[in-house]
*Asks:* 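Sharing a structure below in structure tokens format, with a few things to ask.
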Number of protein chains: 4
Amino acid sequence: MAPKRVDRQARRDEILSAAVLLFAERGYAATRIEDVAAAAGIAKGSVYLYYESREALLTAVFERWAERSRAVVEAALSGERPAMQRLEELLRSVIALLAGEPGLTRVMLDLWAAGRRSEGGAPPPFDMAAVYREYRTVVAALLREAAEEGAVRAGAGEPEAAVVVGAIEGCLVQWVVDPEFPFAEIADQMVEVCTRGVLRGAAGGAA
Amino acid sequence: MAPKRVDRQARRDEILSAAVLLFAERGYAATRIEDVAAAAGIAKGSVYLYYESREALLTAVFERWAERSRAVVEAALSGERPAMQRLEELLRSVIALLAGEPGLTRVMLDLWAAGRRSEGGAPPPFDMAAVYREYRTVVAALLREAAEEGAVRAGAGEPEAAVVVGAIEGCLVQWVVDPEFPFAEIADQMVEVCTRGVLRGAAGGAA
Amino acid sequence: MAPKRVDRQARRDEILSAAVLLFAERGYAATRIEDVAAAAGIAKGSVYLYYESREALLTAVFERWAERSRAVVEAALSGERPAMQRLEELLRSVIALLAGEPGLTRVMLDLWAAGRRSEGGAPPPFDMAAVYREYRTVVAALLREAAEEGAVRAGAGEPEAAVVVGAIEGCLVQWVVDPEFPFAEIADQMVEVCTRGVLRGAAGGAA
Amino acid sequence: MAPKRVDRQARRDEILSAAVLLFAERGYAATRIEDVAAAAGIAKGSVYLYYESREALLTAVFERWAERSRAVVEAALSGERPAMQRLEELLRSVIALLAGEPGLTRVMLDLWAAGRRSEGGAPPPFDMAAVYREYRTVVAALLREAAEEGAVRAGAGEPEAAVVVGAIEGCLVQWVVDPEFPFAEIADQMVEVCTRGVLRGAAGGAA
DNA sequence: GATGAATGAGTGTTCATTCAT
DNA sequence: TATGAATGAACACTCATTCAT
């Protein structure tokens, strides 16, 4: 009549954090449920009280990241500043988010990979492609707005947005592949190259 | 001469091609040695006559790709054109290489992932980080050269190079994650954004 | 008196009934303690307040059935009618019992199976063989009595009793294996075949 | 080029025999794949080279038994003797088959049980009910034929057939549950009770 | 060289049972 | 007494690798 009380969500988070740590360290493929359990300080079977399966853990990582990502995007977009300013802010926010969560970020590789899956049967448990689609849409919208405001070259659209998004993700890749890579430290250059390019005599106002 | 050699190499290549195909399709983790053997039209055990282990196959994929990559870089760098022209050519070549080998390219995910590995013991069987380091070095060198020629903003160096390299890799990611993504079709925008940025009136007639 | 007792027994019965239902539906092997608990409307752990173990549940099913069975046998045997009449009554009672408790009956399979068990170590928790031994003994006794009364062929004994008992159990098997099988509906034929056989010109009085 | 040769069917049979032995001894539920492998003198994984799954092993037992059963039935039915003679022969053959394969026979329990399965999803992997349906059909046909020949009571049909079939299965149950039970030894009584019943003076010299 | 049967370590998942509340 | 979270032994199945032929 006095059932044991447990903060389910808290426990879920603990487990997930342990999983993120391990996934980041050695990758999803090399991480056993038992490792996660041990890292979370519980028994193997207990993981299943909170997550349906090993894959559900990866999905949860995706969700944690997607949530963070969404929050950052929304925060960056609100406000009345000029579009270009909001874009720059968005880029800096995303970079800061990624730089601030190295664990979550290094799992990205596995999230990208899990988005695939064919043959086997089961469809991917989450839609990574949609995330990038949305990023591009948002950035493209800002670019168009900025073009209207005269700040950006007319005609800039999704392709340009893809490159901007890509620049960040691509730096991320370099960081994931090489922890020495100074991802956080080159935020300025990411923004600058995206806005002004590398050529000399680039237009004034930006960055 | 060494007819056996020729034969042997041919067979190695066949197997590797089969492996690339499968790795691209379903990922390294989901590809069994037996699948590779079947796709190559040989028996499971025979794979081991040509490759030490399953992982050696992935390493070989890396090597095939690194080789192609090196060739492209070298080709793009030679010649006497202005540095900026060579850089643009390099970017276009790399993009063309990637776009032209979708299979190899989609394995990139697994190559990135295999570059990690800790705890387990064995060190990564190949050094992905080195590849990007080299890319950056080459691009940075071109940027500096171009700066001396007055084409590029003074001070551009490794960080800017990282962003340029990242832009391509980041678009690659979007393509790998979403086969619908028009990677090859946005080559121009990759180059343009990297060189001139998105701002209006940025850098003159270049690119 | 012992209100707790009453309560306790009532609860035990509820749980057991839930178990019988589930065992009948999907078999003992496929029935989890948690299923039983849920079906009984209590928590998993509470089952253990009433039954030592999962196996104890099966044993209790056996006991419930053995009890019913014993009651029926005793009821059928009492009285002063001719032995043959008592035998027929016994058969009909047992058939009615089984037909009237489809749930309990369909668990028979698991009770038979649990009677085995070797190697593992623990001896069977209840003695199914003894039940059939007793059935045979009772029936054989009736047959002998009936023989003395001139109703039954002289010499009929345990073997004949086994066949009579078997006829019922065998029909039961057909029913358990195939719910469409009209077990209850062929009570007459079970009795008739056992007493008069199938041959033409069988002696009068029976059935 | 000289692939190892193995008599696949022979190996399958060896494994199956080992399985039958163990299933008979301790039941399907208590028999681990590893036990079967050990009993067959091979490694765990090798079992899977010959059988898809643990359940496939049980299905194979069913098939081995169904095959034997079918052969016996066919053999008993052929010939030109009076129907009643063929029926008796059929009964004796089936009894002999069962008595001669104690292992196979004691697995019957698990075959009966596996014929059920609900809820879980997957349909039963084989159809035990169909076997008994066929038995009844065959016996009923013989009874009708015998009735036309004047040997059997007019009107005897499926219900009577069910009882006859049941008598054998029911004795089987008693044997399975109690290895001491003299199944083989009471063949005569099974036949006699089924044909002439137990009543005195019942049906004349038949059987 | 080529084969594919054999191996057995490795792992996700289940579930009876325990026990703190 | 009742609960249900926690445990961890158990087990089916997979697959890289080996090796007899």
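Here the structure is a predicted model, which is why all the values come from computation and not from measurement. Chain letters run A, B, ... following the sequence lines, proteins first and then strands; every chain starts at 1.
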*Asks:* How many Å lie between OH on D:Y50 and C1' on F:dA12, as a whole number?
*Replies:*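 That distance rounds to 19 Å.
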*Asks:* Do C:R106 and C:F23 form a cation-pi contact, if we require the NZ or CZ to be under 6.0 Å from the six-membered ring centre and within 45 degrees of the ring's axis?
*Replies:* no
*Asks:* Would you mind writing out the side-chain donor-acceptor pairs for residues 33-42 of chain D within the sub-3.5 Å range, not counting sequence neighbours?
*Replies:*
unit_1: D:D35; atom_1: OD2; unit_2: D:R26; atom_2: NH2; d: 3.3
unit_1: D:D35; atom_1: OD2; unit_2: D:R32; atom_2: N; d: 3.0

*Asks:* In this structure, how many angstroms lie between the P atom of F:dC15 and the OH atom of B:Y28, rounded?
*Replies:* 13 Å
*Asks:* Just the dot-bracket of DNA chain E, please: which string comes out with Watson-Crick or G-U pairs under 3.5 Å, [ ] for crossing, | for another strand?
*Replies:* .||||||||||||||||||||
*Asks:* Measure the distance from CD on D:E34 to C1' on E:dT7 and round it to the nearest whole Å.
*Replies:*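 Spelled out: CD on D:E34 to C1' on E:dT7 is 12 Å.
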*Asks:* E:dA16 phosphate, OP1 or OP2: any side-chain N/O from C:R32 under 4.0 angstrom?
*Replies:* yes
*Asks:* Base, sugar-phosphate, or nothing for C:L49, non-hydrogen atoms under 4.0 angstrom?
*Replies:*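 It contacts base atoms.
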*Asks:* Please name the pair of heavy atoms, one in A:F126 and one in A:A114, separated by the smallest distance, quoted to 0.1 Å.
*Replies:*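 In terms of heavy atoms, the two residues are closest at CZ-CB, 3.6 Å.
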*Asks:* With sugar-phosphate meaning primed atoms plus P, OP1 and OP2, does D:Y51 contact a base, only sugar-phosphate, or nothing at under 4.0 Å between heavy atoms?
*Replies:* nothing
*Asks:* Taking all heavy atoms of A:L16 and all of A:Y51, pick out the closest pair and write down the distance.
*Replies:* CB-OH, 3.6 Å
*Asks:* Just jot down the side-chain hydrogen bond (donor to acceptor under 3.5 Å, both in side chains) partners of C:S46, sequence neighbours excluded, or say none.
*Replies:* none
*Asks:* Judged by each residue's nearest nucleotide on DNA chain E, which is more toward the 5′ side, A:A29 or B:I42?
*Replies:*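 Looking at the nearest nucleotide for each, B:I42 comes out on the 5' side.
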*Asks:* Taking only the side-chain heavy atoms of A:S46 (C-beta and beyond), determine which of E:dT7, F:dA6, F:dT3 contains the nearest atom.
*Replies:*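 When the side chain of A:S46 is considered, F:dA6 is the closest of E:dT7, F:dA6, F:dT3.
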*Asks:* Is it the case that E:dT7 (base atoms only) and D:K44 (side chain only) share a donor and an acceptor within less than 3.5 Å, ignoring hydrogens and angles?
*Replies:* no
*Asks:* Do B:Y50 side-chain atoms and B:Q9 backbone N/O form a donor-acceptor pair below 3.5 Å?
*Replies:* no
*Asks:* Please name the pair of heavy atoms, one in C:T31 and one in C:R54, separated by the smallest distance, quoted to 0.1 Å.
*Replies:* O-NE, 3.2 Å
*Asks:* Please report the distance, rounded to the nearest Å, between CD1 in C:I15 and C1' in F:dT1.
*Replies:* 12 Å
*Asks:* If you find the nucleotide of DNA chain E closest to C:S53 and the one closest to A:I33, which residue's nucleotide is nearer the 5' end?
*Replies:*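 Of the two residues, A:I33 wins.
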*Asks:* Would you indicate, yes or no, if F:dA6 has its OP1 or OP2 atom less than 4.0 angstrom from a side-chain nitrogen or oxygen of A:R11?
*Replies:* yes
*Asks:* Quick one: on DNA chain F, does D:G45 or C:A43 contact a more 5' nucleotide (nearest heavy atom)?
*Replies:*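 So the residue in question is C:A43.
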*Asks:* Here's a test of your reading of the structure: between C:G41 and B:R54, which maps to the more 5' nucleotide of DNA chain F?
*Replies:*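 Nearest nucleotide further toward 5': that of C:G41.
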*Asks:* Between B:Y48 (OH) and F:dA16 (P), how many Å, whole number?
*Replies:*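 To the nearest whole Å, that distance equals 6 Å.
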*Asks:* In whole angstroms, how far is the P atom of F:dC13 from the CD atom of D:E52?
*Replies:*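 In whole Å, F:dC13 P and D:E52 CD are 9 Å from each other.
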*Asks:* Do the side chain of D:Y28 and the main chain of D:L109 share a donor and acceptor less than 3.5 angstrom apart?
*Replies:*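 No.
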*Asks:* Which whole-number value in Å describes the distance from B:R8 CZ to E:dA2 C1'?
*Replies:*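 After rounding, the reported distance stands at 13 Å.
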*Asks:* Quickly work out the A:D35 CG to E:dG12 C1' distance and round it to whole Å.
*Replies:* 12 Å
